[in-house]
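Values below: all heavy atoms of this structure, side chains included; hydrogens, waters and symmetry mates excluded. Counting starts at 1 for both ligands and their atoms, following the listed order.
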Amino acid sequence: MSALLTAEDGAPVALENADAGSRILLVCEHASRRLPRRMGTLGLSAEALESHIAWDPGALAVCQLLAASLDAMLIYQRFSRLVYDCNRPPDSPGAMPAVSEIFDIPGNAALSAAERLARTEAIYSPFRKGLSDLIKTRVANRRPPVIVTMHSFTPVWHGRPREVEVGILHDSDSRLADAFLADAAEDDAFVTRRNAPYGPQDGVTHTLIEHGIHNGLLNVMIEIRNDLIASKDGQRVLAGYIGDHLGKALMRLEP
Ligand SMILES: [Zn+2]
């Protein structure tokens with residue numbers, strides 16, 4: 001355990017389906033809204049701590065359905081991105097944001113270098129190493145993984161409704177995103193868009209770059225509008241939609 005996390009908090013990283021058979025490696029950086037006990041509430045209301053600023057509602061549930069249906073490994077972060085956003089490098093202001101959409105985060109407003117380092121070492125470093133070790137093992141076993149990171153976004157942002165329902169995001173390597181979008185173009189079940197509602201210009205492709213592109217691995221980031229996955233039925237429908245097109249996209253790339 002680190003100085004930040006107690007035995008009661010448990011480990012920062014969780015791994016499910018570790019010996020899964022498919023090449024797909026699901027990653028969920030914003031799976032949880034839990035805060036370590038020592039962090040208190042960061043000065044936030046209960047409403048803020050349950051909102052999308054703390055986590056990606058529904059994303060972990062969709063990952064778990066996909067892990068089962070695709071026979072895929074799943075790695076996820078067990079603490080809120082308000083403590084440390086694992087899709088950001090330590091030198092990014094967004095790693096420990098002082099403001100998120102319409103909320104000020106008092107507990108992140110004046111962090112010292114030592115406090116930033118403690119959070120990085122407790123939350124980010126084990127996550128980065130856990131993911132990196134999984135990839136190294138698979139590459140060494142000649143089973144290079146396909147990196148799929150799963151996120152959700154709020155339907156209303158700064159008061160404006162968002163039309164996009166599923167975002168397929170990529171950085172400089174668009175192979176898997178292109179194949180997914182080509183396949184999904186024949187399916188009008190959801191409004192699916194490239195690099196929306198975020199894209200590489202927003203700094204959201206850190207995991208893709210660090211673990212996918214730097215290792216030459218196929219990679220994609222999938223963003224689902226969170227109102228579509230608020231219920232178990234919705235989670236099943238979206239997991240079906242994504243699993244279907246992801247499987248077909250991989251067939252297009254490596255028949
Ligand atoms: Zn996210």
Query raised in the report: Does a side chain donor of either Asn87 or His206 reach within less than 3.5 Å of an acceptor in the other side chain?
Result: no
Report task. Treating Ile, Leu, Val, Met, Phe, Trp and Tyr as nodes and any side-chain heavy-atom pair under 4.5 angstrom as an edge, say whether Leu49 and Leu4 lie in one connected cluster. Result -> yes
Query raised in the report: Salt bridge or not for Glu210 and Arg128, using N-O below 4.0 Å?
Result: yes
Query raised in the report: So does Asp9 pair up with Arg78, basic N to acidic O under 4.0 Å?
Result: no
Query raised in the report: Taking the six-membered ring for Trp, are Phe190 and Tyr241 ring centroids under 6.0 Å apart?
Result: yes
**Report entry** Tyr198 and Thr205: side chain donor to acceptor below 3.5 Å
**Finding:** no
Report summary line: At a cut-off of 2.8 Å, protein N/O/S around the Zn ion (ligand 1) gives His30 ND1, Asp56 OD2, His151 ND1
